[in-house]
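In this chain, numbering begins with 1 at the start of the sequence shown.
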Amino acid sequence: MRIAVTGSIATDHLMVYPGRFADQLVDGHLERVSLSFLADTLEIRRGGVAANIALALGRLGLRPLLAGAVGTDFAEYRRWLETNGVDTRLVHVSDTLHTARFVCTTDTDQNQIATFYAGAMAQARVIRLEPAARQPGGLDLVVVGPNDPEAMLRHTNECRALGVPFAADPSQQLARVTAEEARRLIDGARYLFTNEYEAALLRQRTGWTHEEILERVGTWIVTAGADGVTIAGKGGPRLAVPAVPTDRAQDPTGVGDAFRAGFLAGAAWDWPPERSAQLGCALATVVLESVGTQEYKLSAADLAIRIEETYGRTAAARIRTRLSEVL
């Protein structure tokens with residue numbers, strides 16, 4: 001399966017605050033907040049939702065096509081992605097703006113306060129998917145991830161016009177789009193990815209009920225952190241897949257992206273949704289145990305052990321064979 005991943009490409013500045021944000025919030029004064037948190041550590045890492053997903057897919061042997069906008073500071077990052085199996089031909093390079101930047105502070109409860117600077121991402125709207133779709137082999141699936149809202153709408157509309165299936169992952173951009181735009185971003189998606197909060201926000205934004213959304217998408221995957229994942233489709237059973245546990249959590253940044261990559265890899269290999277989600281959860285935990293979104297190492301043996309311990313020997317046996325071929 002040829003997968004194109006559209007969305008943000010960014011540099012992450014990740015800090016850790018050795019306390020709880022909640023302890024600094026005063027009831028009755030939240031309308032005027034002026035807070036400063038003294039962080040103990042700073043890590044500067046490569047990131048961005050689309051880049052994170054594409055890199056994980058590349059490491060799993062799928063050679064995804066990355067489509068996003070960056071600044072002239074992207075050269076070293078491009079080499080890193082290409083080394084990890086990502087095709088960057090559709091990346092647009094701005095000659096006036098910096099690559100997007102994500103600045104995030106995490107507290108001891110794994111809560112996060114973050115700011116995202118879009119920078120060159122605003123130029124992603126000029127990227128066209130049609131040339132890639134018309135080439136031999138074409139495109140089998142396009143992931144429409146959080147990006148410049150105009151780019152997200154353009155890529156979604158292109159998929160419909162070209163007849164290319166798409167996965168909708170509006171994520172944090174739900175806060176930026178109108179009700180009509182939110183409907184356009186998900187209507188007809190083969191896969192819809194949200195977390196629990198985004199699921200509630202999506203219902204609010206679109207004005208559609210849970211059942212009405214399921215009428216319009218193929219499969220809706222909702223992540224819930226340590227509580228795992230739920231998978232639902234129109235008229236089908238609701239599946240609950242538990243998370244792969246760990247006592248070595250380091251940094252939650254990029255965990256959702258890793259899950260999506262694992263799930264999409266399973267879909268590319270024609271696995272059923274439950275098995276795809278099991279791989280996604282295992283990959284998510286590997287990323288949770290590392291600092292940064294792309295610094296983790298993948299091992300077929302390690303993933304198989306995690307899957308067997310959580311989902312049983314049968315599930316691990318079915319997944320182990322494929323992983324040993326690509327890792």
Review item, side-chain donor-acceptor pairs of residues 165-178, under 3.5 Å, at least two apart:
{"residue": "D169", "atom": "OD1", "partner": "R260", "partner atom": "NE", "Å": "3.3"}
{"residue": "D169", "atom": "OD1", "partner": "R260", "partner atom": "NH2", "Å": "3.4"}
{"residue": "D169", "atom": "OD2", "partner": "R260", "partner atom": "NE", "Å": "3.0"}
{"residue": "S171", "atom": "OG", "partner": "E198", "partner atom": "OE2", "Å": "3.4"}
{"residue": "Q173", "atom": "NE2", "partner": "N147", "partner atom": "O", "Å": "2.5"}
{"residue": "T178", "atom": "OG1", "partner": "E181", "partner atom": "N", "Å": "3.1"}
{"residue": "T178", "atom": "OG1", "partner": "E181", "partner atom": "OE1", "Å": "3.4"}

What donor-acceptor contacts under 3.5 angstrom involve side-chain atoms of residues 280-294, with partners at least two apart or in another chain?
{"residue": "T285", "atom": "OG1", "partner": "V244", "partner atom": "O", "Å": "2.7"}
{"residue": "T285", "atom": "OG1", "partner": "C281", "partner atom": "O", "Å": "3.2"}
{"residue": "E289", "atom": "OE1", "partner": "R248", "partner atom": "NH2", "Å": "3.3"}
{"residue": "E289", "atom": "OE1", "partner": "R306", "partner atom": "NH2", "Å": "2.7"}
{"residue": "E289", "atom": "OE2", "partner": "T246", "partner atom": "OG1", "Å": "2.5"}
{"residue": "E289", "atom": "OE2", "partner": "R248", "partner atom": "NH2", "Å": "3.2"}
{"residue": "E289", "atom": "OE2", "partner": "R306", "partner atom": "NH1", "Å": "3.2"}
{"residue": "S290", "atom": "OG", "partner": "V287", "partner atom": "O", "Å": "3.0"}
{"residue": "T293", "atom": "OG1", "partner": "R46", "partner atom": "O", "Å": "2.9"}
{"residue": "T293", "atom": "OG1", "partner": "N52", "partner atom": "OD1", "Å": "2.8"}
{"residue": "Q294", "atom": "OE1", "partner": "W80", "partner atom": "NE1", "Å": "2.7"}
{"residue": "Q294", "atom": "NE2", "partner": "N52", "partner atom": "OD1", "Å": "2.9"}
{"residue": "Q294", "atom": "NE2", "partner": "Y77", "partner atom": "OH", "Å": "2.8"}

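Residues R160 and N157 bring a donor and an acceptor atom of their side chains to less than 3.5 Å of each other. Side chain to side chain, R78 and T88 meet the donor-acceptor criterion of an N or O pair below 3.5 Å. At a cut-off of 3.5 Å, with distance as the only test, no side-chain donor of T230 or E196 sits close to an acceptor on the other residue. N195 and T223 share no donor-acceptor pair across their side chains, judged by distance under 3.5 Å alone.
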Original post:
Going through the distances and angles, do D251 and L14 end up as a side chain to side chain contact (heavy atoms under 4.5 Å, CB included)?
Top reply: CA-CA 9 Å; D251 177 14; L14 308 176; 3.3 Å; yes

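With respect to the salt-bridge test (charged N to carboxylate O, under 4.0 angstrom), the residues D109 and R20 qualify. Contact check on E212 versus R216 returns no salt bridge, with no Lys/Arg side-chain nitrogen under 4.0 Å from an Asp/Glu carboxylate oxygen. Remark: E211 does not engage K234 in a salt bridge, criterion side-chain N to carboxylate O under 4.0 Å. A salt bridge does not link R79 to E82: none of the charged nitrogens lies less than 4.0 Å from a carboxylate oxygen. Between D140 and R2, no side-chain nitrogen of the basic residue sits less than 4.0 Å from a carboxylate oxygen of the acidic one, so the salt-bridge criterion is not met.
Checked against the 6.0 Å centroid threshold, F193 and F263 count as a close aromatic pair.
Within 6.0 Å of CZ on F37 lie more than 12 heavy atoms contributed by other residues, nucleotides or ligands. Heavy atoms from other residues, nucleotides or ligands lying under 6.0 Å from NE2 of H13 number more than 12.
Across all non-hydrogen atoms, the minimal contact from A265 to L57 is N-CD2, 3.9 Å.
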